[in-house]
S.K.: 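Here it is, the structure in full.
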Amino acid sequence: MERPPHEWSAWRAKRLGEVGGAHGWSTLVGLHWLAPGRHGIGASATADVRLPEGSAPPLVGILIVGDDAVDLSHGHGLMEEGHSAPTNDIMRLSPDVPGPPTLMRSGRLTWWIIRRGNRLAVRVRDPEAPARRSFHGIPAYPYDPAYRIEARFIPSEGPRTLAVTDVTGNTSNETVPGTLVFELDGTESRLIPVEDRDAGDWFINFKDSTSGHGTYPGGRFLHVRKAGPDGRVVLDFNFAYNPPCAFTAHATCPMPPRANHMGRPIRAGERFLGH
């Protein structure tokens, strides 16, 4: 069997940190959607935003939620990450979009505000989360050079967007640069990437016939470099990876658009053996 390339082995090691590290997806223990109004946050059973029992005081603060902003009032035992002084005064909490978010710390817990469409939520991280303690790696297919495929890029004719819906039901319109056309098992296939401005590349969210049969049922992700002047793009499915929802119920993953549902198997990249 051909030895995996160094960059794939390095990527596999990096993925372990992204999921099982102290700030990895397996550390998420809460996702609480917020309606306008005042919400107590703490470990009390009566708290509107309940933190894990024994991890924080019964009430660590009051969240004051407006249509487009969240303020924190009366913080008890709370610290703003990166600052040594306790938080007691009213402060505005910046969400992750456009970011960066204001990170609050109570004991070992970290929590912050996320924005998805016009909705706001509190996301909570615990480095001692059960999912992290039970994390033992990410299964994957052996590296297979047959799944490193050259695709032809067909640019979009004029501005084009793709409606992408996440698991919470929020839909966003993503910029589509064009279509990737390639041959797999002697049959022409097509995938639609979207622009990833943060990564500076193209992002592909796809399903194939292994989804739910050895790989994550909700599909997988793949990043590719943008097409060069020759209009060629390398699709290396060995780098296909599971969305955060494969590791936590507290993520807001986008679902693969119908155009990226492939009717053939991609036996490369990360696998999924269930929770």
Side-chain angles (χ1 to χ4, degrees), residues 1 4-5 7-31 114 116 123-149 164-170 180 182 184-185 189 191-194 196 199 201-224 235-275:
M1 181 178 295
E7 62 266 26
W8 185 78
S9 299
W11 172 77
R12 289 276 293 149
K14 180 183 177 183
R15 283 286 294 153
L16 295 180
E18 291 174 351
V19 176
H23 297 87
W25 289 106
S26 63
T27 66
L28 296 187
V29 294
L31 180 65
I114 70 169
R116 297 295 179 267
R123 175 172 277 169
V124 186
R125 170 184 292 146
D126 181 355
E128 298 180 20
R132 186 187 182 210
R133 292 200 304 267
S134 63
F135 177 73
H136 299 297
I138 309 170
Y141 291 98
Y143 187 90
D144 187 346
Y147 282 102
R148 180 180 170 87
I149 301 167
V164 177
T165 302
D166 66 28
V167 294
T168 72
N170 178 63
L180 298 173
F182 57 99
L184 180 64
D185 298 328
S189 297
L191 287 172
I192 298 177
V194 298
D196 188 328
D201 60 14
W202 291 343
F203 171 72
I204 301 171
N205 189 353
F206 73 96
K207 291 185 73 170
D208 65 277
S209 63
T210 71
S211 300
H213 303 280
T215 65
Y216 185 63
R220 289 179 289 169
F221 297 166
L222 181 66
H223 284 264
V224 298
L235 297 172
D236 194 337
F237 288 104
N238 293 284
F239 289 83
Y241 64 99
N242 295 327
C245 291
F247 308 102
T248 176
H250 307 298
T252 59
C253 307
M255 297 184 291
R258 172 59 62 179
N260 285 351
H261 287 203
M262 304 175 64
R264 49 187 53 84
I266 301 292
R267 296 187 178 92
E270 290 184 354
R271 302 185 66 196
F272 178 74
L273 304 181
H275 293 291

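Numbering of residues begins at 1 and proceeds along the displayed sequence.
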S.K.: Please step through side-chain contact (heavy atoms from CB on, under 4.5 Å) for the pair Y147 and L184, ending with a clear verdict.
M.R.: CA-CA 8 Å; Y147 282 102; L184 180 64; 4.2 Å; yes
S.K.: Sequence neighbours left out, what passes side-chain contact (heavy atoms from CB on, under 4.5 Å) with A13? Give chain and number order.
M.R.: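 Listed in chain order: nothing, the list is empty.
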S.K.: Would you compute the distance between atom OG of S189 and atom CG of L191 and round it to the nearest 0.5 angstrom?
M.R.: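 Those atoms lie 7.0 Å apart.
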S.K.: Taking ring pair (Phe, Tyr, Trp, His ring centres under 6.0 Å) as the test, write out the residues that go with F206, two or more places apart.
M.R.: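 With sequence neighbours excluded, F206 shows a ring pair (Phe, Tyr, Trp, His ring centres under 6.0 Å) to F237, given in chain and number order.
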S.K.: Mind checking what makes side-chain contact (heavy atoms from CB on, under 4.5 Å) contact with P139, not counting sequence neighbours?
M.R.: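 For P139 the side-chain contact (heavy atoms from CB on, under 4.5 Å) partners, ignoring immediate neighbours, are R271, L273.
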S.K.: Would you check if there is a donor-acceptor pair between the side chains of T27 and R132 at a distance under 3.5 Å?
M.R.: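 R132 vs T27: no donor-acceptor pair found between side chains.
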S.K.: Can you name the nearest heavy-atom pair linking P244 to F221, along with the distance?
M.R.: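 Where P244 meets F221 most closely, the heavy atoms are CD-CE1, 3.9 Å.
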S.K.: Shortest non-hydrogen contact from P256 to G219?
M.R.: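 Heavy atoms only, the tightest pair is CG-CA, 4.1 Å.
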S.K.: Apply the test side-chain contact (heavy atoms from CB on, under 4.5 Å) to residues L222 and F239: give CA-CA distance (whole Å), side-chain angles for both, the deciding distance (0.1 Å), then the verdict.
M.R.: CA-CA 7 Å; L222 181 66; F239 289 83; 4.0 Å; yes
S.K.: Nearest heavy-atom pair of F272 and P217: which atoms, and what distance?
M.R.: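 Looks like CD2-CD, 3.8 Å.
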S.K.: Using a 4.5 Å cut-off on heavy atoms from C-beta on, say whether the side chain of I138 contacts that of V19.
M.R.: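 Side-chain contact under 4.5 Å: yes.
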S.K.: Taking all atoms of both residues into account, what is the closest heavy-atom pair of W11 and A240, and its distance?
M.R.: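 Residues W11 and A240, closest heavy atoms: CH2-O, 3.8 Å.
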S.K.: Taking side-chain contact (heavy atoms from CB on, under 4.5 Å) as the test, write out the residues that go with S209, two or more places apart.
M.R.: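 For S209, the residues satisfying side-chain contact (heavy atoms from CB on, under 4.5 Å) (neighbours in sequence not counted) are P265.
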S.K.: Side-chain contact, heavy-atom cut-off 4.5 Å: M255 with V167?
M.R.: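 Yes, their side chains come closer than 4.5 Å.
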S.K.: Once salt bridge (charged side-chain N to carboxylate O under 4.0 Å, His left out) is applied, what residue pairs with a partner in residues 238-257 remain, sequence neighbours excluded?
M.R.: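 Residue pairs passing salt bridge (charged side-chain N to carboxylate O under 4.0 Å, His left out), neighbours aside: none found.
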S.K.: Check side chain to side chain donor-acceptor pair (under 3.5 Å) between D126 and all other residues, then give those that pass, not counting sequence neighbours.
M.R.: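 If we apply the side chain to side chain donor-acceptor pair (under 3.5 Å) test to D126, skipping adjacent residues, the hits are R108.
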S.K.: How close do L16 and F135 get, counting heavy atoms only, and between which atoms?
M.R.: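 Between these two residues, the closest heavy atoms are O-CE2, 3.9 Å.
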S.K.: Find out whether Y216 and P243 are in side-chain contact, i.e. whether some heavy atom of one side chain is under 4.5 Å from a heavy atom of the other.
M.R.: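 Heavy-atom side-chain distance check passes, below 4.5 Å.
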S.K.: Give me the atom names and distance for the closest heavy-atom approach of P142 to N238.
M.R.: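 For P142 and N238, the tightest heavy-atom pair comes out as O-OD1, 4.0 Å.
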S.K.: Which salt bridge (charged side-chain N to carboxylate O under 4.0 Å, His left out) pairs, counting each pair once, include a residue from residues 201-224, with sequence neighbours left out?
M.R.: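 As it turns out, the salt bridge (charged side-chain N to carboxylate O under 4.0 Å, His left out) pairs with a partner in residues 201-224, which skip direct neighbours, are D208-R220.
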S.K.: Could I get the full list of ring pair (Phe, Tyr, Trp, His ring centres under 6.0 Å) partners for W25, not counting sequence neighbours?
M.R.: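 Testing W25 for ring pair (Phe, Tyr, Trp, His ring centres under 6.0 Å), a comparison that skips the adjacent residues, returns none.
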S.K.: Run the numbers on I204 and L180 for side-chain contact (heavy atoms from CB on, under 4.5 Å), then give the verdict.
M.R.: CA-CA 10 Å; I204 301 171; L180 298 173; 3.8 Å; yes
S.K.: Residues two or more places apart in sequence or in another chain: which of them pass ring pair (Phe, Tyr, Trp, His ring centres under 6.0 Å) with H223?
M.R.: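 H223: ring pair (Phe, Tyr, Trp, His ring centres under 6.0 Å) contacts with F203.
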S.K.: Would you say the side-chain atoms of R116 pair up with the backbone N or O of T252, donor to acceptor, closer than 3.5 Å?
M.R.: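 Judged by distance alone, no pair lies under 3.5 Å.
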S.K.: Give me each pair satisfying salt bridge (charged side-chain N to carboxylate O under 4.0 Å, His left out) with a member in residues 236-260, each pair once, sequence neighbours excluded.
M.R.: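 Of all non-adjacent pairs touching residues 236-260, those that pass salt bridge (charged side-chain N to carboxylate O under 4.0 Å, His left out) are R148-D236.
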S.K.: Salt bridge (charged side-chain N to carboxylate O under 4.0 Å, His left out): which pairs involve residues 259-270, sequence neighbours left out?
M.R.: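 Only R15-E270 qualify under salt bridge (charged side-chain N to carboxylate O under 4.0 Å, His left out).
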S.K.: According to side chain to side chain donor-acceptor pair (under 3.5 Å), who are the partners of T168, at least two apart in sequence or on a separate chain?
M.R.: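 With sequence neighbours excluded, T168 shows a side chain to side chain donor-acceptor pair (under 3.5 Å) to D166, given in chain and number order.
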S.K.: Ignoring hydrogens and geometry, is there a side-chain-to-backbone donor-acceptor pair from N260 to I192 under 3.5 Å?
M.R.: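 Present.
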